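Here the structure comes first, spelled out in structure tokens, and everything after it is commentary.
Quick note on labels: first sequence line is chain A, next is B, and so on, each numbered from 1. In this text the structure is predicted, and so the values were computed from the model without any measurement. Every heavy atom of this structure was used, including side-chain atoms; hydrogens, water molecules and symmetry mates were not.
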Amino acid sequence: MNAVHVLLYFIMSLAAFSVCGMMAMWVDRKVTARLQFRVGPPWYQNFADFAKLAGKETLIPGKASIFMFVFAPVIAVTAAAMCGAVLLLVFRTGFGFPGDVILLLYLLTVPSLAIILGGSSSGNVLASVGISREMKLLLGYELPFACALIIPAVRSGATTSLVEILRFQQANGITLGSISGVIGFLIAVFALQGKIGLVPFDLAEAEGELAGGAFIEYSGILLGLFKLAKAILLIVGPLFVVTLYFGGINFSSVTGVIAGILKYLLILVLFVLVKNTNPRLRIDQALKFYWGWMTLFGIIGILLAVKGL
Amino acid sequence: MDVRVWFLPVAVSFATAFLHVVFCKAGRHFRKWLSLAGGIAVAAGCFYSMYVNYMYLSSGQVMSLLFATLISTISLFSVSYSQWYNPEDNFVYDSLLFLFIGAMNGVVLSHSLIALYVYWEIMAVASFFLVLFTDTEEARRAAFKYIIMTGAGSVFLLFSILGIWLIEENIFWKHLFFFSMLIGTGIKAGIFPLHTWLPDAHPAAPTPVSSMLSGVMIKTGIYAMIRFYFVLFKPSWSIGWETILILIGVITLLGGVFLALVQHDIKRLLAYHSISQIGYIMLGIACGTSIGLVGALYHVINHAIFKSLLFLGAGVLIKATGSRELGNYGGLARKLPLTFGVMTVAALSISGVPPFNGFVSKWLIYQALLSKGGEIAVVALAAALLGSVLTLASFIKVLNDSFMGVKKAEISKQGLESSPFMNMPMVLLAAGCLLFGLFPGVVTERFLFPALGEYVPLNIELIKTASLYGWLALAVFCLLFIFGRNWMRKFRKTEPFVGGEIFTAEETAFDGSHFYGTIKEIGPIKRFYSAESTGKLDIYAIAGKILPGVNRVFHNAAVRAVDSVYARGSVILNLAVKKLKLLQNGLLARYIVWLFAGIIFLMEVIRR
Amino acid sequence: MSLKIKALKKSLWVYHMSGGSCNNCDIEILACLDPRFDIERFGMTLVGSPRHADVLLCTGIINKKCVERVKEVYAQTAKPCVVVAIGACSCSGGIFRDGYQMGGPLDKLIPVDIYIPGCPPKPEAMIAGIVKLLEKLK
Amino acid sequence: MKKLYIDYDKLLETGSEDIKCSYRMHPENNGITGLREELAFMFVCRRCEDYPCVNSCPTGALKRESGLVKRSKILCVSCKTCSLACPFGTILPEFIPYLVSRCDTCLGRLKGGELPLCAASCKNGAVQYIEEEQIEDKTNLYKLGDNVLVRALNWLDLYGIKK
Amino acid sequence: MNVLDTLKEKLGGSIKELKAHNAKRIYITVDRADVKKCLKILFRDLDARYIVASGVENFDSFEILYHLGFDGEGTVVSVRTYLDRGKPEIESMTSIIPGISYIEREMKELLGINFTGHPGLTHFLLRDDWEEGNYPLRKAKNG
Amino acid sequence: MAEDKKKKVIVPIGPYHPLLEEPEFFALYCDGEKVVDVDWQAGYNHRAIEKLSEAKHWDQVTFLVERICGICSTSHPFAYCNAVEDLLGASVPERARYIRCIIGELERIHSHLLWVGLAGHFLGYNTVFMWAWKYREPVLDMFEIITGNRNHYAMFKIGGVRRNIEEEDMPALRRVLKGLKVQLEMLTHAVLDDPVLGARLKGVGVLTKEHIKNFGAVGPVARASGIGGDIRKDDPYAAYPMLDFKVITAEHGDVFDKAVVRLLEMFESIKIIEQSLDAIEGKGGDIQTEIRDIPPGEGIGRHEAPRGECFHYIKSDGTNRPVRHKIRAPSYTNIPTFKASCIGQMIPDVAIILAGVDPCYCCTERVAVYDAGNKKKQMYDFSRLVEMSRQKTEKIKKEI
Amino acid sequence: MKKPKLRELKEAITSLFSKPFTTDFPYKPHTPPKRYRGKPEYNEKECVGCGACFQVCPAKAIEMNDEINADGGPTRTLIHHPAECLFCGECERNCITQEGIKLSTKFDIAYFDEKNVQNSVQHKLLVCKDCGEIIGTEKHLLWAFRRVKNLGFAQPVMLSRLMEELEIKTGAEEKIAPPIQRTDMLKIVCPRCRRIAFISDEKKEH
Ligand code: SF4
Ligand code: SF4
Ligand code: SF4
Ligand code: SF4
Ligand code: SF4
Ligand code: SF4
Ligand code: SF4
Ligand code: SF4
């Protein structure tokens with residue numbers, strides 16, 4: 001496994017996850033539309049969006065710190081794709097190392113971080129409000145999310161290696177099959193909802209309040225990259241959860257792949273349902289939700305997991 | 001072991017300090033170079049010792065050298081920075097600085113506990129004057145607080161030193177001494193309830209000094225803690241302290257970071273972060289496993305790197321804008337691109353974002369916690385993860401306020417990254433952040449494992465793999481940067497869009513003080529904050545309330561006597577004291593009183 | 001037809017800007033989003049910032065107080081963008097033409113690509129107008 | 001007391017476009033236009049038995065009220081059909097506009113010696129503001145209300161019909 | 001007791017003219033100096049609802065009508081007062097009816113009526129750089 | 001920490017903001033996400049209507065006032081016609097009166113549904129937006145069938161209505177109402193029972209009776225605070241005296257109650273329309289009286305628009321144009337309450353509080369203006385407001 | 001009874017499994033209801049060119065151009081500008097012939113250049129033979145004539161117009177020149193000139 005390999009792998013997974021992510025986004029939009037008696041966008045919609053954004057002029061707010069402004073989206077995509085690459089590596093080759101769960105946890109925050117840095121460099125007050133929310137939200141969901149990661153890690157014999165966790169699940173049944181697993185899974189789903197920025201936790205973008213929040217100043221390809229990052233997150237996040245709780249995706253057989261896709265879709269549909277039957281929360285409510293109930297459950301889950309339940 | 005080589009750093013430092021006094025009339029320029037030479041000499045001495053003696057040393061000695069190297073390197077940077085940072089010419093400052101450096105080196109390099117204690121006190125006094133240096137009301141209060149608390153800490157330390165010296169095998173005493181040591185070193189290190197001098201002293205001190213205080217001085221506390229730990233409980237760790245240490249670690253970590261979150265004085269904020277990072281180190285130590293200790297040591301190094309970097313960067317900001325308030329910065333990224341870059345790196349490092357060094361050490365600590373198992377450790381892991389995010393959050397605020405957004409303050413020309421002697425340390429430190437993140441294998445193998453001698457080495461390969469992703473990220477980023485530069489030029493610039501309205505910068509500056517207001521309002525956290533703001537968490541203030549009588553007694557009776565004796569005593573200090581017109585103030589006296597009180601108390605205990 | 005245009009046609013993001021309207025046109029624009037008309041079918045969405053927009057839907061007479069804002073917003077929109085004047089008000093001023101708070105009509109301030117008159121134009125008319133526009137975008 | 005004196009036939013020749021009015025409750029108000037309409041129906045109209053004007057009016061805006069033709073300001077759409085239908089040229093298109101004008105004879109607004117704007121801006125003396133006594137030629141002089149004097153050639157006079 | 005009688009009783013001497021257009025539309029004219037008193041009685045004591053105020057330009061004066069509604073009876077009482085044409089000025093009623101502030105700002109802006117004691121007679125509807133003395137709602141001079 | 005030293009930040013809402021369909025500008029002075037003060041800058045929608053009205057024929061004015069606003073596009077003509085008829089003392093044929101009520105109430109339904117949808121949208125609850133707007137479509141279709149346009153119905157005329165409701169359309173209308181009732185039932189309960197919505201709306205933006213009184217707020221805003229003013233009952237006009245309906249009120253004055261009032265009002269409206277249909281179906285009759293001239297005088301007309309009392313004052317000088325036309329739309333008095341209710345709230349709540357007022361700005365800024373030809377760049381001087389200390393804000397808060 | 005979320009879920013599921021509510025509009029044509037107030041269009045046959053529609057239009061969306069010096073004689077053009085039109089239907093309602101302008105059900109009138117969607121009608125204009133003042137369109141005159149039936153014969157202009165049509169020459173084509181004669185009344189002159197002719201006739205000035 002040398003660096004060139006990894007680079008190639010990275011590029012490959014970037015491509016793959018972009019495509020899949022956009023399709024996932026389409027599924028999200030389409031199902032949403034159908035829930036609302038609408039037709040919804042055609043399947044190629046997100047690709048068209050991206051292509052269009054790529055072809056558009058890019059504007060930079062005059063007061064921005066240009067470097068950060070331009071590179072924030074790049075970082076976001078890179079980090080998101082890197083998560084994908086890690087996961088893909090784990091699925092396909094069983095390559096991993098102790099701590100990749102933690103690495104992923106960190107990598108998953110990087111896109112949010114990039115959004116925050118980008119938004120903050122734009123010098124727009126609405127963006128500032130947006131990023132302060134994004135930040136607080138990040139604070140909020142990170143704790144339960146961490147709990148949700150620790151649960152399978154503890155259950156699989158105190159390992160922070162995805163491969164180990166997968167192996168453990170293959171041997172002893174998926175994590176979801178236990179009480180702590182169920183708790184952890186739910187927490188993970190809610191936390192991801194926040195991470196990906198879906199209603200009820202879309203406060204940072206909050207179209208209705210902040211005109212796009214952190215993205216307000218972004219245009220053209222930079223915006224496209226952010227959207228791409230979001231799309232990749234939309235697939236990487238749930239996949240991560242699938243790995244931790246659902247036994248991952250088995251790439252060696254067709255049924256394995258299909259089962260994996262179904263697992264993924266299950267989570268996605270859960271997202272969409274929650275998204276469409278709830279209003280956006282206020283930031284303090286969101287924080288309370290995460291730091292209150294979710295963390296409580298998280299700690300209960302951890303304790304149960306330590307007890308082996 | 002060649003003692004001369006061993007104490008080279010200390011000796012050189014003291015010599016430089018002395019030379020500064022000697023050449024007090026020699027002019028600014030000369031002493032600039034003198035300082036630099038001294039700093040380099042100290043660092044070189046350390047490196048030399050490290051290099052020459054590496055193979056023959058015991059693990060404890062390696063650890064000493066490790067700390068010494070760290071101290072002298074960071075000091076070198078600070079000194080270099082400091083020479084171009086402080087515009088006015090003051091030999092007292094310089095000599096104090098070197099006294100301080102020497103004392104720190106002495107603390108970590110001394111062979112005996114008593115020597116350690118002596119250096120410890122010298123360090124305290126030197127740093128006290130350095131904190132006091134700006135001689136403002138704020139500085140006085142902070143320095144006073146600092147010296148009182150350190151003095152109290154010394155008492156505890158002395159108590160346990162003497163205890164260890166006198167009474168050996170009684171397990172009860174051992175625990176008592178350990179506890180006393182914990183308080184003694186904990187005050188220096190700034191673990192949570194004992195931290196309160198730190199957020200006051202750091203901002204008050206001149207920035208290069210803060211950078212040393214926070215970067216290395218508090219590490220001497222950690223050093224002492226680790227050493228004592230080894231000395232006292234060598235073969236078996238499991239004597240119940242772990243849980244307490246973990247709890248202390250968690251509280252320190254979260255307490256520090258939560259308080260940091262709402263600060264808007266940049267140095268204060270950094271000071272609180274020092275506390276929270278100490279929490280991580282504590283967690284690592286608490287685990288007591290090899291991986292935990294490696295993590296803790298690694299984090300000590302890392303923290304020294306990025307925290308001093310942060311302070312140096314903050315110094316640039318303060319210079320440029322003349323203010324420590326975050327709210328007064330804004331939009332500086334264009335004016336101070338270098339500072340912006342290094343601060344970003346440091347901020348990401350301290351938050352543990354890969355591929356920077358913070359990630360590696362934090363990861364080691366997490367790993368330690370997880371593999372340690374047990375409810376407390378795992379929950380602590382969750383807390384540690386949260387701590388990282390909170391750190392990130394608070395640094396986002398710093399970055400947002402100072403570099404992003406719109407310009408608010410007028411920028412004075414003179415502070416603008418003018419001198420390479422200021423820039424170089426920052427760049428080097430930033431490079432350190434990256435390198436220590438990218439070559440964790442080397443670091444652990446070369447430095448940390450020897451320091452921990454008997455513990456089973458880890459599988460380094462795995463750590464190396466983790467950094468692969470860091471490399472990858474770097475590569476991708478560089479590629480994109482190369483391609484991106486051209487393409488960036490095509491962008492059109494426009495005014496920010498705020499609903500079509502046009503505003504001035506101040507009106508819409510949603511700065512950091514507004515960022516985390518919400519968090520303050522949430523349930524129990526609210527109580528925490530209000531407790532903090534009303535001083536209920538400040539052990540110093542509490543003690544001040546409880547012990548006014550004691551204080552007064554000491555002040556009135558014993559103090560006077562010792563005061564006059566002392567006043568004739570020291571030469572260099574006297575010089576400094578004159579300079580700073582501190583004699584009348586009686587602060588020093590009070591400190592000495594605490595010292596003596598400690599000794600008297602100790603005698604009392606021993607006699608029984 | 002280049003890919004750029006093709007993609008643009010499939011993904012028009014709309015920013016809606018009102019410069020002194022009776023808000024009926026604005027409501028009807030919103031109505032285009034509702035399940036009945038669902039312009040998301042064509043990949044159109046309403047965005048909150050002109051930076052993201054490909055289409056500026058302008059309504060209203062653009063009164064004196066809005067003139068600068070409208071110009072500003074137009075400048076802040078990433079090009080290529082099309083400007084659509086919706087309703088009698090922005091096409092010509094309609095009934096308010098002579099009331100001299102009138103800063104418009106729109107085409108006096110910024111170049112307009114297509115006019116969709118009506119008071120208000122029904123959503124079908126808007127869709128038809130956009131379709132017409134798309135045909136012209138070559 | 002001074003009165004507003006209007007020579008209708010003179011106005012007929014010159015038209016009243018140039019005459020301004022100081023009634024400023026409405027934009028573009030021209031009181032003379034309103035007066036002319038009133039005068040025409042009052043003094044010029046021949047009160048045709050069959051009222052072609054009324055019959056022609058498509059909106060029913062014209063109506064006979066006690067012999068006089070009256071135009072409803074609300075219903076009239078200013079189509080000018082009546083003007084086409086009137087055989088005698090009584091109704092001129094220019095004084096049946098859609099938005100009518102009003103003259104309050106500047107009552108109460110004139111300070112000493114001031115002329116109403118219409119009188120001041122009428123160049124050939126078709127509109128004047130004078131004392132009744134100053135008018136020497138009293139032929140065809142009629143009063144409209146208290147404040148307006150009109151000189152108009154009345155067919156009743158022409159044909160010697162008694163009023 | 002219906003509104004009309006109440007008004008007569010309560011306002012008594014202040015009323016210079018009382019015109020009941022019909023049972024539910026009552027116009028009372030009061031002196032400029034009495035407006036505040038009347039409004040206070042109407043708004044606070046009789047608990048009328050503030051509807052709006054309208055400024056009207058006449059040839060030789062400005063008039064302000066303060067419309068107040070008695071919702072129980074469905075009556076609108078309009079308190080009318082005349083202001084000097086040359087120096088249209090009246091005390092601001094914001095101290096009695098806080099909500100009236102906006103309409104006063106508007107009248108200042110559009111009709112040029114000055115309200116003394118108003119907390120902030122700044123531009124409200126028009127552009128901030130609208131020239132002083134150009135009051136759009138005043139009747140334009142014809143010619 | 002030096003609390004009071006902290007500056008306040010202006011977070012602008014508008015002029016172009018997704019929250020507002022129309023340009024309007026609120027400067028929120030914020031401390032973190034908390035709003036400490038609000039400044040309302042109007043005029044972005046100011047279209048010179050009061051002035052224009054003076055140059056338009058009485059008949060044309062109905063079209064002008066219709067275009068004051070697109071949502072209350074019947075309320076203004078309604079109030080205006082009431083005003084002119086008040087001046088004239090004219091009476092309107094019975095059928096016309098019922099038709100007026102039908103149109104007015106249909107508009108109320110469409111407006112409230114629109115509000116529910118938008119409120120959902122602001123809350124990020126797009127599903128509610130879509131659903132409410134979907135239910136609104138049949139109402140608009142009915143408008144299109146009856147009046148020929150989805151909005152701006154051009155139905156009103158002084159002395160009657162312009163268009164009849166044809167007998168053939170009535171069954172369709174009844175059908176629509178019936179379907180609507182079912183859907184509204186669902187929507188109402190969905191909104192009222194939702195715990196998350198409750199958490200988001202209850203206790204937010206509370207307006208006390210005192211606020212209502214001071215600002216003269218009207219309509220659902222006032223009724224949600226327990227003030228039962230409704231012109232339809234208080235000063236009955238058109239066919240309202242002959243119709244049976246309830247005035248919905250609620251107690252707490254928060255956004256939730258405003259939603260409740262609006263939702264329940266729709267059922268009353270449906271009731272009214274059905275009664276009106278019963279009253280006119282199959283019975284012919286005039287739909288307008290002939291108005292020949294409008295004498296000098298003044299008149300006041302009111303109408304209970306969806307957002308509250310709509311007030312028109314007209315003055316005539318006997319020509320066929322008004323001399324003065326003062327329009328006071330409900331939002332004009334409702335919007336200021338926003339200030340009272342949003343101080344101390346969080347930015348995200350501000351959105352929904354503002355929505356709770358159901359503000360439209362077009363109507364609040366009608367009056368006319370003529371060209372100053374001044375093209376200077378605009379300057380904004382908010383500094384004076386920024387300087388206002390926190391204490392002052394507190395004071396203001398107490399005052400209002 | 002409280003059933004939080006259940007109703008929404010039910011509706012959501014219904015929606016998921018029912019046909020979308022969305023129209024097929026751009027793919028299939030849309031027919032508005034029959035009374036839809038779409039783009040007003042002139043009916044060349046029925047319009048008489050009186051200009052009432054121009055007068056009543058609240059938005060002044062109808063432009064009336066009288067061109068006296070046009071080739072082919074004086075004409076009156078009425079142009080409807082959709083850009084300004086409010087689709088209020090006042091023109092239709094107030095059209096004196098009731099048929100002259102009608103609101104069609106056309107709704108798709110988006111344009112790039114307004115000329116493409118304007119709708120206009122042209123009429124021959126009668127001008128006063130004497131002073132050149134516009135009298136009205138020929139069609140309007142005839143329409144008025146039809147309206148007043150035989151009363152129209154009392155109106156000299158109508159009569160003369162009829163005579164012109166019947167090619168009855170009065171031999172008075174030229175301008176009215178003093179002394180005014182009674183035959184002058186039988187010219188196509190504007191009401192003002194007619195009145196002047198009458199007066200001088202009646203004053204027996206000739
Ligand atoms: S065109 Fe008509 S509907 Fe549209 S904003 Fe103007 S007046 Fe309102
Ligand atoms: S047709 Fe002429 S003259 Fe005869 S009544 Fe009518 S206006 Fe008078
Ligand atoms: S102009 Fe007026 S009065 Fe004359 S015919 Fe036409 S509508 Fe009737
Ligand atoms: S008298 Fe006065 S109002 Fe009448 S027309 Fe003359 S200027 Fe006008
Ligand atoms: S309140 Fe005003 S703007 Fe809003 S709908 Fe009613 S009239 Fe329109
Ligand atoms: S006949 Fe009708 S359409 Fe023709 S000009 Fe007259 S009013 Fe207009
Ligand atoms: S529909 Fe209305 S606006 Fe349009 S031309 Fe006819 S009258 Fe004018
Ligand atoms: S002109 Fe002839 S038709 Fe007319 S009234 Fe005189 S006599 Fe009779």
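Within 6.0 Å of atom CZ in Phe17(G), 12 or fewer heavy atoms from other residues, nucleotides or ligands are found, so the atom counts as exposed in its surroundings.
Arg34(A) places no side-chain N or O within donor-acceptor distance of the main-chain N or O of Lys19(G), the cut-off being under 3.5 Å.
Against chain A, no residue from residues 102-125 of chain G qualifies, as none has a non-hydrogen atom under 4.5 angstrom away. Near-neighbour residues of residues 19-33 of chain A relative to chain G, defined by a heavy atom under 4.5 Å from a heavy atom of that chain, comprise Val31(A). For residues 41-54 of chain A, heavy-atom neighbours of chain G at less than 4.5 Å comprise no residues at all.
Looking at residues two or more places apart in sequence or on another chain, you find a side-chain hydrogen bond (donor to acceptor under 3.5 Å, both in side chains) between Asn65(G) and Glu63(G).
Taking all atoms of both residues into account, the shortest heavy-atom contact from Ala12(G) to Leu35(A) is O-CD2, 3.4 Å.
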